[in-house]
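Report on the following structure.
We count ligands from 1, going down the list as the structure has it; atoms in each ligand are counted the same way.
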Amino acid sequence: MSFQYDDQNIFAKILRGEIPNNTVYESEHALAFRDLYPQAPTHVLVIPKGPYVSLDHFTQDASDVEIAGFMRAIGEVCKLEGVSADGFRAISNAGTNGVQEVPHLHVHILGGRPLGRMLAKES
Ligand code: AMP
């Protein structure tokens, strides 16, 4: 499968420093920042620095080093945000059915309160 990356998406602009963000963690391969419209007391977005649309794009085309760096960043964010003890949810929406708004891979880390069941019954 071939994926088309739009470098004008808002997270690409954040990575280029063109718009501000509230950074929680940064490494060579990942950036984590607070969601602008938090849906839980903890709501952090973790993104890879490379141009990948979604998790399936990333796992198809990213190097092992990029993948390891990204996954480690998720773990670091959980540690920094203190969500490991009480638990959290990691969500990555992709494409139309996943209702992905920003076409740059991101994992939402949500925590700080009970989050309910995984999916709503309908969209
Ligand atoms: P998704 O629906 O999975 O693509 O989620 C995109 C997320 O990005 C939403 O939760 C938005 O609130 C969040 N978002 C959009 N623009 C920004 C921004 N400039 N800074 C931080 N979060 C943003």
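- Remark: ligand 1 atoms within the under-4.0 Å shell around heavy atoms of Gln100 are 4 (O).
- Residue Arg34 touches ligand 1 through its backbone alone, judged by heavy-atom distances below 4.0 Å.
- Taking a 4.0 Å cut-off on heavy atoms, Asn21 fails to register as neighbouring ligand 1.
- Given atom 8 (O) of ligand 1, the protein heavy atom at minimum distance is Phe11 CZ, 3.4 Å.
- Nearest to atom 13 (C) of ligand 1 among the protein's heavy atoms is Asp35 OD2, 3.3 Å.
- Nearest protein neighbour of atom 4 (O) of ligand 1, counting heavy atoms only, is Glu101 N, 2.7 Å.
- Nearest protein heavy-atom contact of atom 6 (C) of ligand 1 is His106 NE2, 3.6 Å.
- Between Glu81 and Arg34 there is a salt bridge, since a side-chain N of the basic residue sits under 4.0 Å from a carboxylate O of the acidic one.
- Looking at heavy atoms from C-beta onward, Ile14 lies in side-chain contact with Phe33 at the 4.5 angstrom threshold.
- Proximity of Val99 to ligand 1, defined as any heavy-atom pair under 4.0 Å, is confined to the backbone N, CA, C and O atoms.
- Some N or O of Asn93 is nearer than 3.5 Å to an N or O of ligand 1, by distance alone.
- Considering only non-hydrogen protein atoms, atom 18 (C) of ligand 1 sits nearest to Leu36 CD2, 3.7 Å.
- Atom CD of Glu18 has more than 12 neighbouring heavy atoms from other residues, nucleotides or ligands inside a 6.0 Å radius.
- Environment of CZ in Arg72: sparse, with no more than 12 heavy atoms of neighbouring residues, nucleotides or ligands closer than 6.0 Å.
- Atom CG of Leu115 and atom CG of Leu110 lie 6.0 Å apart (nearest 0.5 Å).
- For atom 16 (N) of ligand 1, the closest non-hydrogen atom on the protein side is Ile10 CG2, 4.1 Å.
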(message) Applying side chain to side chain contact (heavy atoms under 4.5 Å, CB included) to Phe58 and Phe70, what does each step give before you reach the verdict?
(response) CA-CA 10 Å; Phe58 186 62; Phe70 182 60; 3.6 Å; yes
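- Within the listing of ligand 1, atoms 21 (C) sit less than 4.0 angstrom from a heavy atom of Phe33.
- Checked against a 3.5 angstrom limit, the closest N/O atoms of His43 and ligand 1 fall outside it.
- Near Val102, meaning under 4.0 Å from one of its heavy atoms, ligand 1 places the atoms 4 (O), 6 (C).
- Side-chain polar atoms of Glu66 and Tyr52 form a donor-acceptor pair below 3.5 angstrom.
- Close approach of ligand 1 to His108 is summarised as follows: ligand atoms under 4.0 Å from at least one heavy atom of the residue are 1 (P), 3 (O), 5 (O), 7 (C), 10 (O).
- Atom NE2 of His57 sits about 10.0 Å away from atom CG of Leu105, to the nearest 0.5 Å.
- A side-chain N or O of Tyr5 and one of His104 form a donor-acceptor pair less than 3.5 Å apart.
- Atom CG of Asp7 sits in a crowded spot, with more than 12 heavy atoms from other residues, nucleotides or ligands closer than 6.0 Å.
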